[in-house]
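Heads up: the structure comes next, in structure tokens.
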Amino acid sequence: MTTYIGTATSRIDGHAKVTGTAKYAAEFNAPHLAHASVVGSTIARGRIARIDTSRARSVPGVLAVLTHQNRPPMASDDSAYKDDVAPEGAPFRPLYNDRILFSDQPVALVVAEEPEIARLAASLVRVEYHVDLHVTDVHRQRHSTFALEPVERLDDNPFAPPPPRGQPEHSLASADMRHRAEYFVPIEHHNPMELYASTVVFEDEGRLTIYDKTQGVQNVQRYVASVFELDPSHVRVMSPFVGGAFGSGLRPQYQVVLAVLASLSLKRSVRLVLTRQQMYGLGYRPAMLQEIELGINAHGALAAITHEATTVTSQHENYYRQETGWSGLLYRSEHARYAHKLARLDLATSCDMRAPSAATAVYALECAMDELAVALKLDPLELRLRCYSERDQHNDRPYSSKGLRDCYRRGAEAFGWSERSPEPRSMRDGTELVGWGMATGVWEALQVPIAVRIALTANGHAEIACATSDIGTGTYTIMAQVAADMLGLPLDNITVRIGDSTLPQSPVEGGSWIAASVSNGIATTAQAIRAELLHLAKAVPGSPLRDLAPDDVVLLDGRLVSKRDAAHAVSIADVMRHGGVDRIEQEKTASFHHTGAHSHNTHSAVFAEVKVDEQIGIIRVTRVVSAVAGGRILNAKTARSQIMGGVVWGIGMALHEETLIDHTFGRIMNADIAEYHVPVNADVHDIEVIFVDEPDGIVNPLGIKGLGEIGIVGVAAAIANAVHHATGKRVRDLPITLDKLQR
Amino acid sequence: MIGFQYSRAQDVADAVRQIAAEPSAKFIAGGTNLIDLMKQDVERPSRLIDISRLPLRSVEETASGGLRIGALVPNADLAYHPLIAQRYPMLASSILAGASAQLRNMASTGGNLLQRTRCYYFYDTATPCNKRVPGSGCSAIAGLNRMHAILGTSESCIATHPSDMCVALVALDATVHVAGPAGARVIAFADFHRLPGDEPQRDTTLQDGEIVTAVELPERGFSAHYTYLKIRDRLSYAFALVSVAAGLELEGDRIKDARLALGGVAHKPWRDPTAETALRGQPASQATFASAATILLRDAKGYEHNRFKIDLARRAIVRALTQAAAGTPQLQSSKKIA
């Protein structure tokens with residue numbers, strides 16, 4: 001029964017958040033808490049020659065200045081620093097040795113009685129370097145890259161370039177029309193509102209309770225225990241609330257290492273909060289250069305596609321995701337070739353950021369498709385429908401469900417796409433040129449093994465526990481909704497506990513996989529609860545349920561009810577009282593058996609209207625319609641918020657966002673949210689979100705696909721295509737700032 | 001951020017006395033820029049002399065028909081002051097084009113004049129900057145200079161002055177009242193900020209120990225034909241790529257008098273009398289506006305990333321003068337260009 005699933009339920013943690021009782025990593029206190037401040041390197045590559053900490057140490061209230069020379073011991077093998085989602089390579093080790101791998105890398109940590117004292121003393125640490133030449137410009141490195149090997153089967157490495165198909169070069173040569181272009185997206189940073197912070201509480205026998213900003217408490221727990229060679233049972237990591245992370249918190253960040261170092265060194269509780277500027281020394285969305293070539297036949301079918309990508313990683317790790325293969329999911333093409341190269345720069349390692357690779361690669365693909373449609377004088381939506389792929393061509397299999405046609409249809413209707421005048425510069429509103437553009441979005445419907453514990457008490461309350469995180473997406477709320485429905489209880493009777501490493505196993509929250517995974521986990525554990533209740537119920541003399549199997553009963557309104565005859569029911573309270581139990585507890589792991597028969601994906605169609613002042617070039621995104629096929633929608637309200645957030649971010653990607661690096665110094669120069677531009681309220685106008693009906697009994701029992709990433713995919717392309725339609729100018733390097741329209 | 005002493009000034013004379021006794025001290029009023037600079041170790045004052053309680057918060061009419069604005073009048077109060085809104089709407093508009101509502105609530109009139117450039121290199125102590133460390137070099141000239149100046153630059157500095165309010169004030173012929181160890185004096189607004197030359201560390205012509213006490217507006221406010229047009233990289237809360245304050249006095253379709261000042265293009269709010277002269281007596285036409293723009297930009301010089309500003313400034317000047325002539329000033333609530 002679904003009383004809550006699918007409804008627009010307000011966040012169960014909303015009250016705590018707006019009243020300030022929801023505590024974040026930097027808000028937990030401990031007796032005798034010390035405060036730390038990081039000293040960052042001023043060079044991008046080289047070695048530390050000398051560190052003079054004497055002035056810093058002489059400041060009253062300073063407890064310690066830690067450097068690579070005087071820190072407590074840390075593990076010496078790379079393997080010890082490999083967190084659950086580390087890419088291949090040698091992970092960065094904070095304060096480990098004298099090597100400088102990127103600018104603003106921590107080189108010293110000041111610990112003091114007060115945060116202001118720590119910050120003052122940090123400004124007094126003097127560091128001399130042996131400077132090596134650095135490279136931070138992807139354009140300069142584009143011919144000094146290394147190629148990733150394509151795989152025979154994507155299941156072997158889903159991030160590698162997919163296997164080629166047919167004879168793309170030959171097919172392109174004989175195509176009736178070809179389009180080839182290069183697209184560029186700069187480095188972007190996540191900029192979550194909450195700063196990265198760790199509060200390490202030093203307890204008896206050296207036990208540590210760490211309040212950390214992270215998307216995976218158990219990942220951090222294993223990592224900290226490994227790096228410091230601690231008994232894992234002595235390390236507990238908590239992250240009950242996270243003020244946005246967007247992928248930046250999938251891997252443990254350096255502040256948790258430094259805070260633990262300080263705590264172990266001083267045998268004292270320590271808090272470290274990074275500054276906004278230091279947030280730019282963490283991971284980022286890799287810059288990407290993409291060359292796409294499309295060939296098309298006279299009847300408007302794709303003959304071939306080649307997609308070559310270059311993305312950015314550090315000198316010490318190889319971060320990459322599936323960059324080139326998205327067209328193989330969206331567009332039918334017998335001939336295809338994919339290539340992906342990595343450029344090493346003297347920066348921190350790039351990392352996942354909302355819809356990693358899809359946001360950037362689909363931007364390039366969908367702009368290329370638009371350019372092809374313009375060249376063919378074909379409606380861009382019509383081109384997509386002609387090229388529509390019913391199968392995942394990399395794995396040659398159908399989809400568990402694919403509601404993309406409905407997205408196109410309903411999105412176009414809501415937007416009024418049929419009123420579009422095809423010629424660029426043909427629509428205007430006074431002094432503004434009007435442009436309508438569209439694009440497709442695609443993401444994966446992933447799911448991961450996860451354990452959920454449910455404790456049901458005789459008073460009809462249930463506690464749901466899992467070590468997953470809510471990074472602001474609404475996980476608390478959808479967990480409560482699913483549990484309420486599965487246990488037949490009112491929402492108010494459900495308590496959700498997450499963000500604690502001692503709770504049942506959960507992977508990091510990312511990839512849009514938690515909603516589907518944890519919901520099915522709750523359902524699985526709820527089945528065990530139901531079975532146990534039925535077992536007790538059968539012992540009740542004269543039980544109307546005595547001949548029924550677990551699948552013959554449901555939990556509904558606080559009762560165990562026969563599916564065959566709703567009059568046959570007993571109340572949970574009676575069953576438990578009679579059985580002499582006041583608490584039933586079950587913990588089960590949900591696993592997902594991917595048979596390989598189907599591909600699991602979410603899709604979207606994004607339609608955007610821009611108005612561009614013809615004289616000045618100011619671009620306003622006046623309307624966006626995003627129609628999403630994301631399987632079963634758990635919460636109409638938080639789901640809409642997710643998609644709206646993605647659309648807003650897509651506006652920023654299209655028009656505003658760019659991490660500016662001075663390549664002479666190898667430093668990020670706009671490292672604050674005044675100069676790193678994201679959309680402000682004035683930049684955001686009407687956003688309409690549509691969820692198309694997409695039942696899916698294959699992807700998982702509850703038919704859930706996840707919505708965290710899909711909202712941003714395609715948005716930048718739809719806007720870029722709208723800008724072209726408005727102005728006739730094709731800007732292929734994001735962000736589309738007004739100067740680029742004047743080129 | 002360094003440790004600092006804190007004291008309150010009892011009155012203007014006390015403020016002047018305190019800063020004269022401790023030249024490494026700084027005045028603090030709203031703190032919207034100074035605190036950021038202190039956190040970044042760009043400003044390292046030994047003492048903050050809090051002037052926020054001084055009685056400099058009134059807007060008064062002057063005998064000559066103008067207005068005298070106390071240095072501590074918050075930007076928000078000034079923008080919404082009825083006399084400003086009625087008689088100097090260009091000034092109100094320029095204030096509302098800047099920062100955010102929260103910042104405007106805190107920022108003071110005097111502080112707005114004294115805010116420092118937002119040049120990236122000025123803020124990053126790991127890079128050379130002549131404005132921050134005289135003689136260390138200018139990193140912007142061969143670096144990231146998209147936001148930087150195209151007029152009045154020097155080999156030492158190509159930073160811009162970030163204020164919107166000051167662009168309107170220079171266009172309106174305001175004066176700055178200051179007090180100092182040598183007594184009070186009045187500085188014409190156009191002379192208050194300076195070009196970088198070989199001393200880019202000096203933003204203004206204030207002498208050591210001087211404090212801004214008021215800004216005075218003369219009677220003429222160009223309230224019938226004015227605009228403040230700000231062009232930026234997002235629709236709010238960003239510094240100007242180019243901004244234009246324009247005021248016209250028309251006789252029929254002929255320009256009797258004109259004011260024209262630019263922001264985001266120079267080390268100071270840029271006003272050029274020759275461009276205004278070129279407007280006077282001419283028909284209020286696109287050709288007239290374009291020729292004034294050409295004159296104003298005659299010495300403009302672009303750098304690697306900001307060359308576009310020259311043409312953008314030309315377009316913005318023409319558009320702003322068109323808005324002013326038509327009596328359709330740019331609204332700051334609507335981001336559609338009027």
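Chain letters run A, B, ... following the sequence lines, proteins first and then strands; every chain starts at 1. If you're wondering where the values come from, they're calculated on a predicted model, not measured in any experiment.
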So for atom [atom1], which belongs to [X], do other residues, nucleotides or ligands contribute more than 12 heavy atoms lying within a distance under 6.0 Å?
X: A:Asn681; atom1: CG; answer: no
X: A:Arg99; atom1: CZ; answer: no
X: A:Arg140; atom1: CZ; answer: no
X: A:Gln615; atom1: CD; answer: yes

What parts of [range] touch chain A if we use heavy atoms and a cut-off under 4.5 Å?
range: residues 38-46 of chain B; answer: B:Lys39, B:Gln40, B:Asp41, B:Arg44
range: residues 230-240 of chain B; answer: B:Ile231, B:Arg232, B:Asp233, B:Arg234, B:Leu235, B:Ser236, B:Tyr237, B:Ala238, B:Phe239
range: residues 311-319 of chain B; answer: B:Asp311, B:Leu312, B:Arg315, B:Ala316, B:Val318, B:Arg319

Distance, nearest 0.5 Å, that separates [atom1] of [X] from [atom2] of [Y]:
X: B:Ile2; Y: A:Leu120; atom1: CD1; atom2: CG; result: 7.5 Å
X: B:Cys119; Y: A:Met669; atom1: SG; atom2: CE; result: 7.5 Å
X: B:Tyr123; Y: A:Gln277; atom1: OH; atom2: CD; result: 10.0 Å
X: A:Glu116; Y: B:Phe4; atom1: CD; atom2: CZ; result: 9.0 Å

Given heavy-atom pairs under 4.5 angstrom as the criterion, report whether the side chain, backbone, both or neither of [X] touches chain B.
X: A:Asp683; result: both
X: A:His677; result: both
X: A:Val59; result: neither
X: A:Ile673; result: backbone
X: A:Ile661; result: backbone
X: A:Gln742; result: side chain
X: A:Arg119; result: both

Residue selection (most heavy-atom pairs with chain B, distance under 4.5 Å) from [options]:
options: A:Ile619, A:Leu660, A:Thr275, A:Ile117; answer: A:Leu660
options: A:Thr622, A:Val678, A:Asp104; answer: A:Val678
options: A:Ala671, A:Pro679, A:Ser123, A:Ser37; answer: A:Ser123
options: A:Ile618, A:Thr664, A:Leu124; answer: A:Ile618
options: A:His663, A:Arg620, A:His656; answer: A:Arg620

**Report entry** Side chain / backbone / both / neither for B:Phe308 at chain A, heavy atoms under 4.5 Å
**Finding:** side chain
Query raised in the report: So B:Tyr121 and A:Asp662, side chain to side chain contact (heavy atoms under 4.5 Å, CB included) or not? Walk me through it.
Result: CA-CA 10 Å; B:Tyr121 302 94; A:Asp662 182 300; 2.4 Å; yes
Report task. Given side chain to side chain contact (heavy atoms under 4.5 Å, CB included), test A:Lys611 with B:Lys336 step by step and report yes or no. Result -> CA-CA 9 Å; A:Lys611 294 189 176 178; B:Lys336 180 179 190 299; 6.0 Å; no
Query raised in the report: Looking at A:Asp739 and B:Arg146, does any basic side-chain N land under 4.0 Å from a carboxylate oxygen?
Result: yes
Query raised in the report: Which residues in residues 727-738 of chain A have any heavy atom lying under 4.5 Å from a heavy atom of chain B?
Result: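 When heavy atoms of chain B are the reference, residues 727-738 of chain A contributes A:Thr737, A:Leu738 within the under-4.5 Å range.
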